[in-house]
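Reviewing the structure listed below.
Ligands are counted one by one from 1 in listed order, and the atoms in each one are counted from 1 as well.
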Amino acid sequence: MEYRINKKTGDKISVLGMGSGGVASNGFKAGVELLQNAIGAGINYFDLAAAEGAAFPIFGEALKSVRKEVLYQIHFGADYDTGYRETAGEQPDSSLVTYSVGDYGKTMDPERIKRSIDWQLRTLGTDYIDYGFIHCVDAVSGWEEYLASGIYDLILDYKRQGIVRHVGLSSHTPPVAQRVLDDADVDMLMFSINPAYDYHYGDKYGAGTTEERSALYQRCERDGIGISVMKPYAAGLLLDARKSFFGRALTTTQCIQYELDTPGVLTVLPGLSLAEELRDLLHYLDAAPEEKDYSFIRELKPEQAQGRCVYCNHCAPCPAGINVGIVNKYYDLALLGDEMAKEHYNGLDHHAGECLTCMHCDESCPFGVAQCERMQKIAAYFGV
Ligand code: SF4
Ligand code: SF4
């Protein structure tokens with residue numbers, strides 16, 4: 001497994017994580033086995049905004065012996081009917097195996113949220129939340145309601161009590177996410193990222209222009225806010241040639257590489273239900289570079305993406321030894337006011353000023369970046 005560090009919290013997070021959608025779809029035993037195999041492969045990061053409450057007892061059973069080694073994202077605003085009723089006194093079957101719980105629903109009622117969080121913790125067999133999430137804010141009015149109803153204060157209160165360790169935010173909408181990041185001290189953003197959404201071939205979860213989305217990722221990278229990726233395959237559409245926005249299917253490995261190349265991203269969280277899906281996810285770790293190459297998406301990139309470096313390093317190797325992607329990333333971050341970017345740039349082995357103007361990167365860049373010219377600009381900007 002590969003791990004990345006959340007700069008704000010110091011948590012070591014597996015680049016491959018898991019959502020909870022699908023975990024319960026083949027029953028309790030199969031779900032437990034799936035999660036235990038994921039843990040065995042080094043996965044340590046799990047999102048608990050489940051499609052159905054039945055996922056919780058499965059997570060509780062599978063991860064109870066390794067609770068301290070895993071990290072949970074738990075959402076303040078996600079609710080599961082029967083869990084709520086059970087907390088209110090309607091005790092269901094005491095056997096977790098046959099425990100019947102309801103579907104996911106969203107609530108802004110703080111009392112109901114408290115009961116739901118209490119039920120989720122008890123069912124998971126834990127007394128703390130690694131990342132307590134501001135749940136699914138996609139409108140400024142929704143964020144204002146979240147604040148006014150005291151739910152954000154509730155998260156902070158739980159943090160003071162040590163029940164919540166860090167604060168997260170889930171959103172699909174860049175300007176709204178930016179507003180929440182202005183108002184709240186967020187340590188992790190869960191955002192819907194994939195090549196279709198970034199290049200405006202997405203569905204309703206791919207909100208925002210390419211520039212707005214890119215600015216959000218850059219901000220997270222600059223401020224050390226980690227990103228966990230939801231919808232990494234655009235709900236499976238990218239994996240199906242008949243439905244793919246790019247006219248042909250991408251593999252899960254290509255999607256994951258694209259997302260892990262995105263600034264700020266720490267981990268990708270697909271929902272899994274089958275052992276084969278887990279094997280396919282883990283294949284990313286052993287895949288050859290050509291299997292990870294997603295450059296064919298250039299065929300359908302929109303005008304606004306033309307000429308923008310996405311740090312993918314498809315132009316490597318550079319004969320001068322320059323890491324073209326990372327040099328561009330530090331340059332963009334410095335322009336955005338990241339004070340550490342210059343220091344990181346200076347610490348590289350090779351700098352833009354060493355460019356031999358060989359034009360190799362211009363010729364091989366699938367995104368049409370005039371990189372040779374850009375190297376001169378970067379060298380002048382940093383003075384090296
Ligand atoms: S110049 Fe092109 S190929 Fe090279 S890192 Fe940037 S986007 Fe990727
Ligand atoms: S143009 Fe410069 S940065 Fe690009 S491959 Fe050639 S030497 Fe490297």
Side-chain angles (χ1 to χ4, degrees), residues 4 15 193-201 209-218 220-222 227 229 238 245-246 250-251 253-265 268 284 287-336 338 341-342 344-384:
R4 292 182 177 182
V15 294
I193 302 177
N194 60 60
Y197 292 174
D198 279 354
Y199 293 141
H200 241 275
Y201 292 105
T209 63
T210 301
E211 287 76 14
E212 286 171 327
R213 297 175 68 80
S214 178
L216 179 63
Y217 310 151
Q218 298 279 4
C220 288
E221 171 89 27
R222 182 195 67 195
I227 301 177
V229 175
L238 283 172
F245 306 101
F246 295 102
L250 277 86
T251 63
T253 292
Q254 288 169 319
C255 292
I256 290 164
Q257 186 61 57
Y258 174 87
E259 287 131 23
L260 291 177
D261 283 340
T262 300
V265 169
V268 177
Y284 169 82
E290 51 275 21
E291 289 181 80
K292 296 178 174 177
D293 182 346
Y294 52 81
S295 57
F296 76 85
I297 66 172
R298 70 187 182 277
E299 291 156 21
L300 265 178
K301 67 185 183 298
E303 285 302 305
Q304 66 262 36
Q306 184 69 26
R308 187 172 67 86
C309 182
V310 298
Y311 326 125
C312 64
N313 273 334
H314 282 127
C315 53
C318 159
I322 299 169
N323 182 328
V324 175
I326 203 78
V327 161
N328 276 268
K329 188 185 270 190
Y330 290 150
Y331 176 58
D332 287 341
L333 287 167
L335 292 181
L336 279 169
D338 182 343
K342 188 170 196 306
H344 291 319
Y345 175 84
N346 286 336
L348 294 173
D349 290 337
H350 297 281
H351 301 91
E354 294 168 58
C355 173
L356 306 168
T357 63
C358 73
M359 302 297 283
H360 165 72
C361 49
D362 293 49
E363 285 153 16
S364 57
C365 173
F367 297 92
V369 178
Q371 190 54 256
C372 189
E373 189 185 316
R374 198 167 148 87
M375 280 292 161
Q376 314 311 310
K377 264 193 208 159
I378 297 173
Y381 179 85
F382 285 121
V384 55

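Distance from atom 5 (S) of ligand 1 to its nearest protein heavy atom, with residue and atom name: N313 N, 3.2 Å. Taking atom 1 (S) of ligand 1 as the reference point, the nearest protein heavy-atom neighbour is Q371 NE2, 3.1 Å. Nearest protein neighbour of atom 3 (S) of ligand 1, counting heavy atoms only, is C315 N, 3.4 Å. The protein heavy-atom contact nearest to atom 7 (S) of ligand 1 is V310 N, 3.3 Å. Protein heavy atom in closest approach to atom 2 (Fe) of ligand 2: C355 SG, 2.3 Å. Counting only heavy atoms of the protein, atom 4 (Fe) of ligand 2 lies nearest to C361 SG, 2.3 Å. For atom 8 (Fe) of ligand 2, the closest non-hydrogen atom on the protein side is C318 SG, 2.3 Å.
Using a cut-off of 2.8 Å, one finds that C358 contributes no N/O/S atom close to atom 2 (Fe) of ligand 2. For atom 2 (Fe) of ligand 1, the set of nearby N, O or S atoms under 2.8 Å includes one belonging to C365. Taking backbone and side chain together, C309 holds no N, O or S atom under 2.8 Å from atom 4 (Fe) of ligand 1.
The line from CD of E291 to CD of Q257 is 11.5 Å long, rounded to the nearest 0.5 Å. Here CD1 of I322 is found 7.0 Å from CG of L356. Values are rounded to the nearest 0.5 Å. R213 CZ to Y217 OH: the interatomic distance, rounded to the nearest 0.5 Å, is 3.5 Å.
K342 forms no cation-pi arrangement with F382, by the criterion of a distance under 6.0 Å to the ring centre and an angle within 45° of the ring axis.
Classified by interplanar angle (parallel below 30°, tilted 30° to 60°, perpendicular above 60°), the ring pair Y258/Y294 is perpendicular.
The side-chain heavy atoms of N323 and H350, taken from C-beta on, include no pair separated by under 4.5 Å. With contacts defined as side-chain heavy-atom distances shorter than 4.5 Å, the pair I378/H351 does not qualify.
When each atom of ligand 2 is checked for a heavy atom of P319 under 4.0 Å away, the hits are 5 (S). The ligand atoms of ligand 2 that sit less than 4.0 angstrom from a heavy atom of L356 are 2 (Fe), 7 (S).
Using a cut-off of 4.0 Å between Lys/Arg side-chain N and Asp/Glu carboxylate O, D332 and R374 are scored as salt-bridged.
A heavy-atom separation below 4.0 Å is found between M359 and ligand 2. Under the 4.0 angstrom criterion for non-hydrogen atoms, N328 is not in contact with ligand 1.
Checking side-chain atoms of H314 against main-chain N and O of D293 turns up no donor-acceptor pair under 3.5 Å.
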